[in-house]
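Position 1 is the first residue of the sequence, and the numbers go up from there.
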Amino acid sequence: MPEKNISDIIDALPFLENAEESLVTEFKKNLIIKRIPKNEFIYMEGDECGYYAFVIEGIVRVYKSGESGRELTLYRLEKGESCILTASCVLSTTSFPAVSSAETEVTAALIPAYLFRDWVAKFEFWRKYVFEIMSGRLATVIAVVNEITFGKLDSRVARFLLDREVEEQIKITHQVIASDLGTSREVISRLLKDFEHEKIISISRGIITILNKKLLKEKTKKN
């Protein structure tokens with residue numbers, strides 16, 4: 001791989017700045033770059049994890065899919081991030097327990113699974129990194145479960161819209177919201193219609209327009 005490309009990869013993974021020189025050398029030597037088209041599956045549930053991946057560009061969605069077809073987003077991975085479920089899969093040599101797919105076109109840096117395991121035993125820095133990303137991402141997953149179990153869905157929908165508000169108009173479908181929040185499209189459509197009736201938002205095909213941000217924020221505070 002050209003040195004310039006290697007430098008770009010390292011720049012996208014700032015945690016390596018403090019790594020042992022020998023680890024960085026091995027990382028560069030064994031790195032595999034893969035470009036993944038938008039909407040392509042990376043791992044399906046039950047797959048063997050042959051590689052551990054870092055996102056260099058793009059967005060990866062990791063989710064569970066039920067028999068009914070309903071989906072629940074566990075988390076998304078962006079530049080410089082990696083997947084706790086892949087780490088667990090590689091370390092335990094078990095199958096991947098969810099689904100991961102490229103939400104946009106993705107560039108990923110891959111490390112073979114056997115090297116990932118070897119580095120955990122060989123390098124203290126790598127071992128610490130793995131434990132930190134696993135504990136950090138686990139907290140995210142627990143927060144998702146907590147929201148699903150205890151959070152009111154109207155509050156969660158309001159928070160979802162506010163989190164994605166760049167401009168007043170949000171280009172998104174009801175199905176995408178349902179998949180992210182672990183519910184059905186019909187339930188989301190009903191809640192959004194309620195918001196529209198209260199003149200908090202307006203709905204058109206594939207677009208939600210926020211009309212009253214103050215009232216939408218108040219929805220997030222309800223228990």
Hey, quick one: are Leu110 and Val24 part of the same hydrophobic cluster, counting side-chain heavy atoms closer than 4.5 Å, chains of contacts allowed?
no
Using the side-chain contact (heavy atoms from CB on, under 4.5 Å) criterion, which residues pair with Thr107? Sequence neighbours excluded.
Ile33, Arg35, Ile56, Glu57
Where is the tightest heavy-atom contact between Ile201 and Leu192, given as atom of each residue plus distance?
CD1-O, 3.6 Å
Gap separating the CD atom of Glu198 from the CG atom of Leu211, nearest 0.5 angstrom:
12.0 Å
So which heavy atom on Phe195 is nearest to which on Asp154, and how close?
CZ-O, 3.5 Å
Apply side chain to side chain donor-acceptor pair (under 3.5 Å) to Gln175 and list each qualifying residue two or more places apart in sequence or on a separate chain.
Ser179
Pairs satisfying disulfide bond (SG atoms under 2.5 Å apart), at least one member in residues 32-64, at least two apart:
Cys49-Cys89
Can any side-chain N or O of Asn30 pair as donor or acceptor with the backbone N or O of Glu26 at less than 3.5 Å?
yes
Evaluate the side-chain proximity of Ser22 to Thr25: yes if any heavy-atom separation is below 4.5 Å, no if none is.
no
Which atom pair, heavy atoms only, marks the closest approach of Thr104 to Gly58?
OG1-CA, 3.2 Å
With the 4.5 Å side-chain cut-off for hydrophobic clustering, are Leu161 and Ile203 part of the same group?
yes
Any disulfide bond (SG atoms under 2.5 Å apart) involving residues 172-220? Give me the pairs, sequence neighbours left out, ordered by first then second residue.
none
What's the verdict on side chain to side chain contact (heavy atoms under 4.5 Å, CB included) for Ser101 and Ile42, showing C-alpha distance, side-chain angles and the deciding distance?
CA-CA 5 Å; Ser101 65; Ile42 299 169; 5.6 Å; no
Report, one line per pair, each donor and acceptor closer than 3.5 Å where one atom sits in a side chain of residues 91-99; sequence neighbours left out.
| residue | atom | partner | partner atom | Å |
| --- | --- | --- | --- | --- |
| Ser92 | OG | Ser88 | O | 2.6 |
| Ser92 | OG | Thr94 | OG1 | 2.7 |

Spacing of CG belonging to Leu85 relative to OH belonging to Tyr43, to within rounding of 0.5 Å
11.5 Å
Measuring from atom CD1 of Ile210 to atom CD1 of Ile170, what distance do you get when rounded to the nearest 0.5 angstrom?
4.0 Å
Do Ile208 and Ile177 pass the side chain to side chain contact (heavy atoms under 4.5 Å, CB included) test, and can you show the C-alpha distance, the side-chain angles, and the key distance before you say yes or no?
CA-CA 11 Å; Ile208 297 172; Ile177 299 174; 3.8 Å; yes
Restricting to non-hydrogen atoms, name the atom on Val60 and the atom on Ser100 that form the minimum distance, rounded to 0.1 Å.
CG1-CB, 4.2 Å
Could you list all the ring pair (Phe, Tyr, Trp, His ring centres under 6.0 Å) pairs where at least one residue sits in residues 44-70, not counting sequence neighbours?
Phe15-Phe54, Phe27-Phe54, Tyr52-Phe54, Tyr52-Phe116
Rounded distance [0.5 Å steps], CG in Asn18 versus CG in Leu23
11.5 Å
Among the clusters formed by ILVMFWY side chains lying less than 4.5 Å apart, do Ile207 and Phe160 turn up in the same one?
no
Heavy-atom check, side chain of Ser204 versus side chain of Thr209, under 4.5 Å:
no
Under the criterion side chain to side chain contact (heavy atoms under 4.5 Å, CB included), I'd like the reasoning laid out for Arg164 against Asp180: C-alpha separation, chi angles, the key distance, then a yes or no.
CA-CA 12 Å; Arg164 281 150 187 80; Asp180 263 33; 3.4 Å; yes
Geometric cation-pi criterion Arg127 and Phe125, 6.0 Å radius, 45° cone:
no
side-chain contact (heavy atoms from CB on, under 4.5 Å) involving Tyr114 - partner list, sequence neighbours excluded
Pro112, Arg117, Asp118
Listed by chain and number, what are the side chain to side chain donor-acceptor pair (under 3.5 Å) partners of Glu40, not counting sequence neighbours?
none
Got a sec, which residues hit side-chain contact (heavy atoms from CB on, under 4.5 Å) with Glu78, two or more places apart in sequence or on another chain?
Ile59, Glu81
Shared hydrophobic cluster, Phe41 / Leu74 (ILVMFWY, side-chain heavy atoms < 4.5 Å)
no
Looking at Lys193 and Glu196, is any side-chain nitrogen of the basic one under 4.0 Å from a carboxylate oxygen of the acidic one?
yes
How far apart are the C-alpha atoms of Lys34 and Val106, what are their side-chain angles, what is the distance that settles it, and do they pass the side chain to side chain contact (heavy atoms under 4.5 Å, CB included) test?
CA-CA 8 Å; Lys34 183 175 182 181; Val106 169; over 6 Å; no
To the nearest 0.5 Å, what is the distance between OG on Ser82 and CG on Leu13?
8.5 Å
Give a yes or no on whether a salt bridge exists between Arg76 and Glu103, defined as a side-chain N under 4.0 angstrom from a carboxylate O.
yes
Residues two or more places apart in sequence or in another chain: which of them pass side-chain contact (heavy atoms from CB on, under 4.5 Å) with Asn212?
Lys214, Leu215
Between Arg61 and Thr73, do the side chains contain an N or O donor and an N or O acceptor separated by less than 3.5 Å?
yes
Side-chain heavy atoms of Leu153 within contact of Thr183, under 4.5 Å
yes
Which atoms form the tightest heavy-atom contact between Thr220 and Ala158, and what is the distance?
CG2-CB, 3.7 Å
Give every residue pair that meets the disulfide bond (SG atoms under 2.5 Å apart) criterion with at least one member in residues 107-139, sequence neighbours excluded.
none
In Å, rounded to the nearest 0.5 Å, how long is the span from CG of Leu115 to CH2 of Trp126?
9.5 Å
With sequence neighbours left out, the residues meeting side chain to side chain donor-acceptor pair (under 3.5 Å) with Ser189 are His174
Considering only NZ, NE, NH1 and NH2 on the basic side and carboxylate oxygens on the acidic side, decide whether Asp194 and Lys219 come within less than 4.0 Å.
no
I'd like to know if Arg156 pairs up with Asp163 as an ion pair, taking the criterion as any Lys NZ or Arg NE/NH1/NH2 lying under 4.0 Å from an Asp or Glu carboxylate oxygen.
no
